[in-house]
Amino acid sequence: MALARSYRYVEAWGMASGAERPVVFPRSTAELAEAFALARREGLRVTLRGGGNSYGDASLGARSLVVDCTRFARLLAFDATTGIVELEPGVTVRDLWRHTLPRGYWPRVVSGTSFPTLGGIAAANIHGKNNFAVGTVGDALLEFDLLAADGTLHTCSRARNADLFHAAIGGFGLLGAFTRLKLATKRVHSGELEVTTYAGKHLGELMDYVRAHVGDADYLVGWLDAFARGDTLGCGQIHHARYLAEGEDPRAEATLTLAHQEIGPNVAGFFPKAQLWRLVRFLNHDSGMRLLNRVRYWQGRLEGCLPPRRWTHNEFAFLLDSIPNWKWSYGRASGHGLIQFQPFVPDAAAAHVFGEILRRSQARGFVPYLAVLKRHRPDPFWLTHAVDGWSLALDYKVTPETRAALFAHCRALAELVLAAGGRFYFAKDLVLPAGVLERMFPAERLAAFAAQKRRLDPEGLLESDLWRRVAPSYCATPDESRRS
Ligand SMILES: Cc1cc2nc3c(=O)[nH]c(=O)nc-3n(C[C@H](O)[C@H](O)[C@H](O)COP(=O)(O)OP(=O)(O)OC[C@H]3O[C@@H](n4cnc5c(N)ncnc54)[C@H](O)[C@@H]3O)c2cc1C
């Protein structure tokens with residue numbers, strides 16, 4: 001049966017970009033190959049898409065057939081003695097943990113939301129709140145099959161096709177489509193983590209706390225109040241979590257169940273969480289968010305005085321998922337939404353650069369409503385965003401009136417980051433201009449990546465709006481390359 005195609009509005013997770021595009025939903029490697037052939041016949045390019053959870057345009061394609069992999073989603077194998085799992089690319093992080101946790105395993109690396117697919121997280125080489133300790137998801141991947149644009153299938157691991165293994169992880173779907181992934185998960189002895197809250201009066205205190213605990217924490221994440229100024233610039237709280245050792249949770253059998261991980265549908269027993277975004281919408285302006293950030297900070301100070309608490313893995317890992325569709329509080333009309341700007345800065349420069357970013361954002365009147373601090377470590381993937389340093393993920397509200405000035409503001413901040421030897425993470429980007437890649441990575445590495453692209457996709461079938469924006473030369477057909 002021919003692959004059915006429909007026209008749909010395909011948008012960035014942050015809702016600030018999108019377009020009506022033809023979309024197909026392959027369910028197998030053969031159907032993916034058929035999708036490539038269909039695009040070629042119709043003179044379209046191909047953009048691969050997972051769950052669409054990238055804040056920006058990583059899975060948008062203005063001149064593409066969008067190939068949505070969410071229905072190519074079987075869990076193929078799970079070994080309960082090793083925790084090694086084999087899956088198709090459309091399996092979500094949520095499907096994955098719900099399968100492994102009752103069997104005593106948790107994914108080694110997860111993002112702050114559970115809706116991304118395994119294909120999407122491998123393509124972005126995501127990091128978690130434990131990046132400083134375990135690296136990115138690429139570090140947990142053991143092997144994958146990649147379907148190249150010419151229909152050839154490449155099995156890659158650290159021992160086989162190692163170059164392609166390190167280029168495609170974090171390659172944002174430019175080199176081929178993952179069709180099978182094999183990854184290691186972590187043995188856990190409880191369905192809960194022990195979480196300590198630390199409240200810091202300024203950014204320096206938060207960073208000092210993290211530095212002091214990278215050796216004894218399994219997860220560390222900071223939530224900053226980006227409205228705080230002067231001596232309190234960057235104040236906030238750190239959530240510090242550790243796995244429970246074997247025997248530490250006497251109710252382990254019960255806490256590992258899905259029933260225990262379930263987050264109830266109501267707040268305070270009666271208000272439906274599904275409607276919570278409507279309440280948050282009333283606060284979705286500078287004064288409301290200033291208040292919310294203040295309340296959160298004082299809540300952190302209070303929690304900091306209490307003994308550590310136990311949180312379920314689900315609750316701790318995917319805190320933002322507990323308010324369904326919270327992004328809608330930013331407005332659902334055309335041109336409204338949010339962008340995230342997430343610079344990664346080497347350790348020595350991070351405090352200065354982040355302080356400057358917060359100060360300039362306040363001065364310019366673009367204060368991020370959410371600011372998340374993490375510690376990172378380098379990894380071997382060719383286009384990785386992770387550095388031996390820190391990231392600060394900043395959510396900015398977008399409206400049609402502020403869009404141009406906000407994007408220009410972020411591009412100016414990017415100069416600070418790049419000058420300090422920093423990098424950006426393309427899953428979170430909608431603003432960076434062409435040329436950033438050359439400032440983030442050594443020329444030899446980019447040349448090697450471009451050579452893989454020419455080898456696997458000489459006609460330039462695979463592309464996305466992200467790639468056309470930040471590295472247009474990778475998306476040029478041979479004809480276009482000759483003309484330019
Ligand atoms: C609320 C929220 C919190 C987040 N927290 C984090 C976090 O803590 N850490 C972090 O690292 N990220 C985080 N993210 C970002 C998210 O994890 C990434 O954007 C991830 O890539 C999304 O996966 P997806 O399946 O939705 O893929 P999409 O967003 O649809 O696509 C992402 C990329 O994968 C490519 N792709 C998709 N499928 C395939 C395939 N089968 N083969 C090859 N390429 C493919 C696409 O072309 C695109 O380049 C967060 C996002 C949100 C919305």
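Predicted model only: the values in this text are computed from it and were never measured. Counting starts at 1 for both ligands and their atoms, following the listed order.
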Just distances here: any N/O of [X] and N/O of ligand 1 closer than 3.5 Å?
{"X": "Val110", "answer": "no"}
{"X": "Trp13", "answer": "no"}
{"X": "Phe172", "answer": "yes"}
{"X": "Thr117", "answer": "yes"}
{"X": "Lys374", "answer": "yes"}
{"X": "His127", "answer": "yes"}

- Query: Is there a side-chain contact between Trp328 and Met15, using heavy atoms and a 4.5 Å cut-off?
  - Reply: yes
- Query: Using heavy atoms and a threshold below 4.0 Å, how should the contact between Phe178 and ligand 1 be classified: side chain, backbone, both, or neither?
  - Reply: both
- Task: Could you see which bit of Ser111 sits under 4.0 Å from ligand 1, with heavy atoms only: side chain, backbone, both or neither?
- Result: both
Please write down residue, atom name and distance for the protein heavy atom closest to [atom].
{"atom": "atom 19 (O) of ligand 1", "value": "Ser54 OG, 2.8 Å"}
{"atom": "atom 51 (C) of ligand 1", "value": "Asn53 O, 3.3 Å"}
{"atom": "atom 35 (C) of ligand 1", "value": "Ala123 CB, 3.5 Å"}
{"atom": "atom 46 (C) of ligand 1", "value": "Leu48 O, 3.1 Å"}
{"atom": "atom 22 (C) of ligand 1", "value": "Pro116 CB, 3.6 Å"}
{"atom": "atom 2 (C) of ligand 1", "value": "Thr113 CG2, 3.4 Å"}

Consider ligand 1: state whether an atom of it lies below 4.0 angstrom from any non-hydrogen atom of [X].
{"X": "Phe426", "answer": "no"}
{"X": "Gly52", "answer": "yes"}
{"X": "Lys428", "answer": "yes"}
{"X": "Tyr55", "answer": "yes"}
{"X": "Ala177", "answer": "yes"}
{"X": "Gly176", "answer": "yes"}

Distance alone, cut at 3.5 Å: any donor-acceptor contact between the side chains of [X] and [Y]?
{"X": "Tyr396", "Y": "Ser361", "result": "yes"}
{"X": "Thr92", "Y": "Arg94", "result": "no"}
{"X": "Arg455", "Y": "Gln452", "result": "yes"}
{"X": "Asp57", "Y": "Ser17", "result": "no"}
{"X": "Gln342", "Y": "Ser391", "result": "yes"}
{"X": "His376", "Y": "His385", "result": "no"}
{"X": "His240", "Y": "Tyr209", "result": "yes"}

- Residue pairs, two or more places apart or on separate chains, that pass side chain to side chain donor-acceptor pair (under 3.5 Å) and touch residues 171-184: Glu86-Arg180, Glu143-Arg180, Asp145-Arg180
- Item | Pairs where residues 156-172 contributes a residue and the test side chain to side chain donor-acceptor pair (under 3.5 Å) is met, not counting sequence neighbours | none
On a heavy-atom basis, I'd like to know which of [options] is closest to [atom].
{"atom": "atom 20 (C) of ligand 1", "options": "Ala317, Gly120, Pro89, Gly128", "result": "Gly120"}
{"atom": "atom 5 (N) of ligand 1", "options": "Ala393, Gly112, Ser59", "result": "Gly112"}
{"atom": "atom 24 (P) of ligand 1", "options": "Ser114, Ala124, Ala12, Gly51", "result": "Gly51"}

Between the side chains of [Y] and [X], is the shortest nitrogen-to-carboxylate-oxygen separation below 4.0 Å, so that they form an ion pair?
{"X": "Arg5", "Y": "Glu42", "result": "yes"}
{"X": "Glu463", "Y": "Lys453", "result": "no"}
{"X": "Arg469", "Y": "Asp429", "result": "yes"}

- Checking Arg375 against Phe132: charged group under 6.0 Å from the ring centre and within 45 degrees of the axis? no
In ligand 1, which numbered atoms sit nearer than 4.0 Å to a non-hydrogen atom of [X]?
{"X": "Tyr425", "value": "10 (C), 11 (O), 12 (N)"}
{"X": "Ala427", "value": "18 (C), 19 (O)"}
{"X": "Cys69", "value": "41 (N)"}

- Answer yes or no: is there a donor N or O on one side and an acceptor on the other, between the side chain of Thr117 and the main chain of Gly50, under 3.5 Å? no
